[in-house]
**Q** 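First, the structure itself, so that you have it in front of you.
In what follows, chains are A, B, ... by sequence order, proteins preceding strands, each numbered from 1.
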Amino acid sequence: MKKEGLSKKERIRKNKEFAKVFKEGKKLWINSILLIIYTPNDLGYRRLGIVVSKKIKKATQRNKVKRWIRELFRRNKDWFPESCDVIIIPHPNLINLSYKELLEKVKRELLSLRSKSDFYGKGYN
RNA sequence: AGGGUUUAAGAGGUGGUUGCUCUGGGAGUUCUUUGAAAAGCUCCCAGGGAGGAAAGUCCGGGCUCCACAGGGGAGGACGCCGGGUAACACCCGGAGGGAGUAAUCCCUGGAAAGGGCCACAGAAAACAGACCACCAGCGGCCUAAGGAGUUUUUAAAAACUCCUUAGGUGCGGGCAAGGGUGAAAAGGUGGGGUAAGAGCCCACCGCACCGGAUGGUAACAUCCGGUGGCACGGUAACCCCCGUCCGGAGCAAGGCCAAAAAGAGCGCGACGGGUGCCCCGCCCAAUGCGCUCGGGUAGGCCGCUUGAGGGUAGGAGUAAUCCUACCCCCAGAGAAAUAACCACCACCUGGGUAAUUUUUUCACAAAGAUGAAAAAAUUACCCAGGUAACAGAACCCGGCUUACUUAAACCCUGCUU
RNA sequence: GCCCCCAUCGUCUAGCCAGGUCCAGGACACCGGCCUUUCACGCCGGCGACAGGGGUUCAAAUCCCCUUGGGGGCG
């Protein structure tokens, strides 16, 4: 598996899998911009799913947001908990930010959470 | 300088790093007694990877299934003429009418086949009729004057009847020229005519119909002759009539494979289904078919990209478009692929430096020249920032519409020379 | 992706098919007044809408086209 790749294996692609994460996952708000839902899997690696609401009207803007989030996840996989299915739901206001601003905010929030043991520790499983 | 109209063009480029997807090639690995092949997975190499509107889903096709799409009805679409096209509601060229000072744009079968509607206002809204006004030639009636006759009477005079003239008219009539309206009111001008008037009659113009000639493939145009005094408002994006066209559904069409599960009840020989507008016709039919309830899957493959394809050159045509030759293969995803960052070039904005030109001021007694300072314009270099807007394929094409940014040409108005 | 449907006061709706009498009617809500010691009920009055643009027509909520915003269905 590539370090900074994001192949089909590493994406959540089926309706069942999405439903499972929504049902069992823990929710985490990042600055009222992203909603991250995660639940452990037994694959040994992280998987990503993105849900963008149609409140973002234009298809081009929805695609842009998805690409940003995919880029964010791919570059910084170790910010997220190990061996987990992660779903990210962006808030419609995300469109008003630039990619750099988004990156900064998420980095600050996730790294501070990561230092706490209940997010990234053994008691997690 | 301002306003307007039309047409055309455009969607930043190159390279690199990390990553996604498809195709082709290669290597490894899993399974097996062994070997090989196929498939999956991982890695490497090479190549391709959104639009002019991909959009809205408004039209027209291809394609697939329903029977091979046949007949009738219903329903829908279109509508001047000619051409283009696979087809169109599209495009090109023309005709007639309308809007605008103009560039230019817009509209298009039939209202004497029939039905409906035309509010308010107005005399009257489609058969013509006649509210006001006008007229007094005709029949009445009223008033006045004059004349004649009869009756009463001595006479004067009175009454009645008739005639004539003049005036009048809430009567019978004449008339449609004028009339506050309205979107729309039954030709216009002049003359004759009359009681008053009027296509009532006449001249010219207009209009309708008929016949002919010329030009044009045609729509139509021009001209000549005749007939008609003129009869015939609007609305068909109301119904309708005429002509032309359309069978229905849509790639979630449709086909194949795999997996899972639990059945129960009811109906069915001219009834039901295939059929998703209806009827006919056609096809199917008993270890069959349909309906209702309940249960189980909702995975993979094909369709899926070579096509009314693109580029270049030549030819035909006013043009839309078509023909010929050569070359090219150019997205195929499926919780859905193009992003992030960097460098350079190009463009735009702001600032700085230098050079050139012009103007003003100062220095020398004055002019010129020279020097200095300030302002403006152009060019070059450097620095900083930005690189957009409209917007994302989902079977594929041809259009329309709605969006974005520029440029050019043309028209009108104003000012300067 | 494809195929349909809808849009009228703050809310629910009538009118649309067959255009005019509609500066659009009704109910609830809101505001003001009357009634009542006060509130409620009741009575009277008021405020308030045709999604936006263009066209046909003398005249459009209604007919036609475009845009916008909602809702539903499919294997």
Side-chain angles (χ1 to χ4, degrees):
Chain A
M1 192 143 319
K2 289 183 193 173
K3 218 179 200 178
E4 295 191 342
L6 191 67
S7 63
K8 278 183 181 173
K9 264 189 168 179
E10 294 176 81
R11 287 177 293 197
I12 304 173
R13 300 176 70 209
K14 298 191 178 176
N15 201 20
K16 265 189 180 173
E17 296 165 355
F18 271 87
K20 187 190 173 198
V21 177
F22 280 127
K23 199 179 171 186
E24 301 176 2
K26 294 183 179 177
K27 291 174 184 174
L28 181 68
W29 273 102
I30 308 281
N31 276 17
S32 303
I33 286 171
L34 297 180
L35 175 64
I36 299 179
I37 304 174
Y38 59 94
T39 191
N41 61 21
D42 46 6
L43 294 168
Y45 52 86
R46 304 170 182 90
R47 292 198 304 179
L48 175 70
I50 306 167
V51 176
V52 184
S53 151
K54 268 211 172 175
K55 279 178 187 170
I56 299 176
K57 290 279 162 98
K58 306 290 182 184
T60 40
Q61 294 183 321
R62 288 198 296 272
N63 279 348
K64 197 171 191 179
V65 167
K66 280 189 197 171
R67 283 166 186 159
W68 281 357
I69 292 169
R70 211 174 290 133
E71 183 73 12
L72 185 87
F73 181 83
R74 183 174 74 74
R75 293 274 187 185
N76 310 292
K77 279 182 192 168
D78 51 345
W79 294 357
F80 295 89
E82 263 183 83
S83 187
C84 262
D85 285 346
V86 179
I87 292 179
I88 299 179
I89 302 173
H91 193 268
N93 289 346
L94 185 66
I95 276 293
N96 302 325
L97 297 176
S98 70
Y99 177 72
K100 277 186 180 174
E101 289 173 304
L102 173 70
L103 192 69
E104 276 306 305
K105 288 193 178 189
V106 174
K107 185 180 180 184
R108 210 182 310 131
E109 195 79 11
L110 278 181
L111 289 184
S112 70
L113 278 171
R114 189 180 155 171
S115 60
K116 298 177 186 174
S117 58
D118 61 329
F119 178 75
Y120 188 77
K122 288 177 184 172
Y124 169 75
N125 236 353

**Q** If the condition is side chain to side chain donor-acceptor pair (under 3.5 Å), which residues does A:Arg67 pass it with, not counting sequence neighbours?
**A** none
**Q** Which pairs pass salt bridge (charged side-chain N to carboxylate O under 4.0 Å, His left out) with one or both residues in residues 87-98 of chain A, sequence neighbours excluded?
**A** none
**Q** side-chain contact (heavy atoms from CB on, under 4.5 Å) with A:Lys20: which residues, sequence neighbours excluded?
**A** A:Glu24
**Q** Is the shortest side-chain heavy-atom distance between A:Leu35 and A:Lys27 below 4.5 Å?
**A** yes
**Q** My understanding is that only residues two or more places apart in sequence, or in another chain, count here; which of them pass salt bridge (charged side-chain N to carboxylate O under 4.0 Å, His left out) with A:Arg13?
**A** none
**Q** Please enumerate all residues that pass side-chain contact (heavy atoms from CB on, under 4.5 Å) together with A:Arg47, with sequence neighbours excluded.
**A** A:Ile12, A:Glu17, A:Asn41, A:Leu43, A:Tyr45, A:Asp85
**Q** Quick one: list whatever passes side-chain contact (heavy atoms from CB on, under 4.5 Å) with A:Lys66, sequence neighbours left out.
**A** A:Ile50, A:Val52, A:Arg70
**Q** May I ask you to evaluate whether A:Arg75 reaches the phosphate of B:rC20, defined as a side-chain N or O under 4.0 Å from OP1 or OP2?
**A** no
**Q** How sharply is the helix from B:rA346-B:rU387 to B:rA363-B:rU370 bent, taking the axes over five pairs at either end and rounding to 10 degrees?
**A** 10°
**Q** Of the listed nucleotides (B:rA335, B:rG392, B:rU338), which one gets closest to any side-chain atom of A:Arg70?
**A** B:rU338
**Q** Which of these nucleotides, B:rA339, B:rA391, B:rA337, is closest to any side-chain atom of A:Asn63?
**A** B:rA337
**Q** Could you run down the sub-3.5 Å N/O contacts of the protein with nucleotides 22-27 of chain B?
**A**
unit_1: B:rC22; atom_1: OP1; unit_2: A:Lys8; atom_2: NZ; d: 3.4

**Q** Can you name the residues that form a ring-ring contact (aromatic ring centres under 6.0 Å, His included) with A:Phe73, not counting sequence neighbours?
**A** A:Phe80
**Q** Take atom CH2 of A:Trp68 and atom C1' of B:rC341, then tell me their distance rounded to the nearest Å.
**A** 14 Å
